Amino acid sequence: VRTSLRRAGAASARDPKDPQQRHTAADTTAARSIALKLGDLAAGWKAAPKDKPAPACSTEPDESKLVQTARIDPTFVWKDGATTIGSEIDTFATAAQALRDWRLSTLGLMGRCLLESARKQLASQHVTVTLSSAVSLAPPKLGERSLHYRLIFLLHRKQAGKTSVVQFVTEMIAIGVGRTSVVLHAASPGQPLPASGLTSLAKLLAKRLASSAGAI
């Protein structure tokens, strides 16, 4: 969960603090069966291109002793080229390891890490990024554990003596059962994506997670 929320759908550079990656065929197959698919979305979405690795967060906790046995993260982009939605499926060697990863995924950590990463990524474009708000919303009652975070960033760009400001909303709904955590992540300029749509997709992912519980 920590890795997905830090990245919010962007590709991640290998970080020595990240969990060890020892993927198994069985867990990877199960994770793929859970993940969001293009057919789950309305017309107008397409698979997102692979992004450049996002900078690692300097304040993230050390999870190098944890072992991930599967990690899948399909992401899709809307026809505006800016709005994205995706799901990350993280399976660990034990339920205790999955729970430790979950407990480290605090709202404060997410805000700091996403802000640091965005500032590094946009520095060359002369864009200043500030965190406007970070709130924990009531999550849908799904799985053994769940959370819902919404973070709003302001992107300030100065051109020709004038500064324009664009609001960017990052949203995550996470569900966990046993060794596996599922994160539905979305990012959009302006306003958040409709809550009804995100809740519907979260319920779909939770249903698939429950169906795959025996395999993971």
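Remember, it's a predicted structure, so these values are computed and weren't measured experimentally.
- Shown here are the side chain to side chain contact (heavy atoms under 4.5 Å, CB included) partners of Q125, two or more places apart in sequence or in another chain: L122, V127, R157.
- Residues satisfying the side chain to side chain contact (heavy atoms under 4.5 Å, CB included) criterion with T128, sequence neighbours excluded, are H156.
- Side-chain contact between F168 and V129: absent, with no pair of heavy atoms (C-beta onward) separated by less than 4.5 Å.
- Remark: T28 engages H23, R32, A70, I72 in a side chain to side chain contact (heavy atoms under 4.5 Å, CB included) (not counting sequence neighbours).
- Counting only residues at least two apart or on different chains, the salt bridge (Lys or Arg N to Asp or Glu O under 4.0 Å) pairs with a member in residues 124-153 are R150-E171.
- Hydrophobic clustering (side-chain heavy atoms under 4.5 Å, transitive across Ile, Leu, Val, Met, Phe, Trp, Tyr) groups F76 together with L193.
- Evaluation of the side chain to side chain contact (heavy atoms under 4.5 Å, CB included) rule for R208 yields I34, K37, D40, L204, L205 as partners, not counting sequence neighbours.
- Considering every non-hydrogen atom in both P16 and S64, the closest pair reads O-CB, 3.4 Å.
- I89 CD1 to R71 CZ: the interatomic distance, rounded to the nearest 0.5 Å, is 11.5 Å.
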Practice problem: I would like to know whether T170 and M110 meet side-chain contact (heavy atoms from CB on, under 4.5 Å); could you show each step before the answer? | Solution: CA-CA 11 Å; T170 297; M110 297 308 109; over 6 Å; no
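- With a 4.5 Å cut-off between side-chain heavy atoms of Ile, Leu, Val, Met, Phe, Trp and Tyr, the cluster of V67 takes in none.
- The hydrophobic cluster containing I152, built from Ile/Leu/Val/Met/Phe/Trp/Tyr side-chain heavy atoms closer than 4.5 Å, also comprises V169.
- The backbone N or O of S196 sits nowhere less than 3.5 Å from a side-chain atom of S200 that would complete a donor-acceptor pair.
- Looking at E116 and S58, their side chains do bring a donor and an acceptor atom within 3.5 Å of each other.
- Looking only at side-chain heavy atoms (C-beta outward), D101 and Q68 stay at 4.5 Å or farther from each other.
- A48 and V77 get closest at one heavy-atom pair: CA-CG1, 4.1 Å.
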Exercise. Starting from the C-alpha separation in whole Å, work towards a yes-or-no answer on side-chain contact (heavy atoms from CB on, under 4.5 Å) for D73 and H185.
Key: CA-CA 10 Å; D73 185 16; H185 53 77; 3.0 Å; yes
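- Here the NE2 atom belonging to H148 is positioned 11.0 Å from the CD1 atom belonging to I175, to the nearest 0.5 angstrom.
- Closest non-hydrogen pair, P140 versus A202, comes out as CG-CB, 4.5 Å.
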Quiz item: For L184 and I85, what are the C-alpha separation, side-chain angles and deciding distance, and is it a side-chain contact (heavy atoms from CB on, under 4.5 Å)?
Solution: CA-CA 7 Å; L184 175 67; I85 194 166; 4.1 Å; yes
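- Interatomic distance, NZ of K120 versus SG of C57, reported as 7.5 Å (0.5 Å rounding).
- Contact between A98 and T180 at its shortest, heavy atoms only, is CB-N, 4.4 Å.
- In the hydrophobic clustering of ILVMFWY residues, with side-chain heavy atoms under 4.5 Å counting as a link, L109 and W102 come out together.
- Here the shortest heavy-atom pairing between S136 and L107 reads N-CD2, 3.6 Å.
- Judged by distance alone, with hydrogens and angles left aside, the side-chain atoms of T199 form a donor-acceptor pair with the main-chain N or O of A195 at under 3.5 Å.
- In this structure, S146 has no side chain to side chain donor-acceptor pair (under 3.5 Å) partners at least two apart in sequence or on a different chain.
- Checked by atom type and distance alone, the side chain of R179 pairs as donor or acceptor with a backbone atom of F92 at under 3.5 Å.
- Interatomic distance, R100 CZ to S105 OG, rounded to the nearest 0.5 Å: 10.5 Å.
- Note that the CG atom of L151 and the CG atom of L115 stand 9.5 Å from one another [nearest 0.5 Å].
- Residues L41 and L36 have side chains in contact (heavy-atom distance under 4.5 Å, counting atoms from C-beta outward).
- Of the inter-residue distances, the one linking S132 atom OG with L155 atom CG reads 11.5 Å to the nearest 0.5 angstrom.
- Pairs of residues two or more places apart, or lying in two chains, that qualify as ring-ring contact (aromatic ring centres under 6.0 Å, His included) and include a residue from residues 25-49 are W45-W78.
- Note on L137: it does not cluster hydrophobically with V183, by side-chain heavy-atom contacts below 4.5 Å among ILVMFWY residues.
- Evaluation of the side chain to side chain donor-acceptor pair (under 3.5 Å) rule for T94 yields no partner, not counting sequence neighbours.
- Residues satisfying the salt bridge (Lys or Arg N to Asp or Glu O under 4.0 Å) test with R112, not counting sequence neighbours, are none.
- The heavy-atom pair separating L131 from F153 by the smallest distance is CD1-CE2, 3.6 Å.
- The ring-ring contact (aromatic ring centres under 6.0 Å, His included) contacts involving residues 118-144 comprise nothing, where partners must be two or more places apart or lie in separate chains.
- Residues Q191 and Q167 form a side-chain contact, since some pair of their non-hydrogen atoms from C-beta on lies under 4.5 Å apart.
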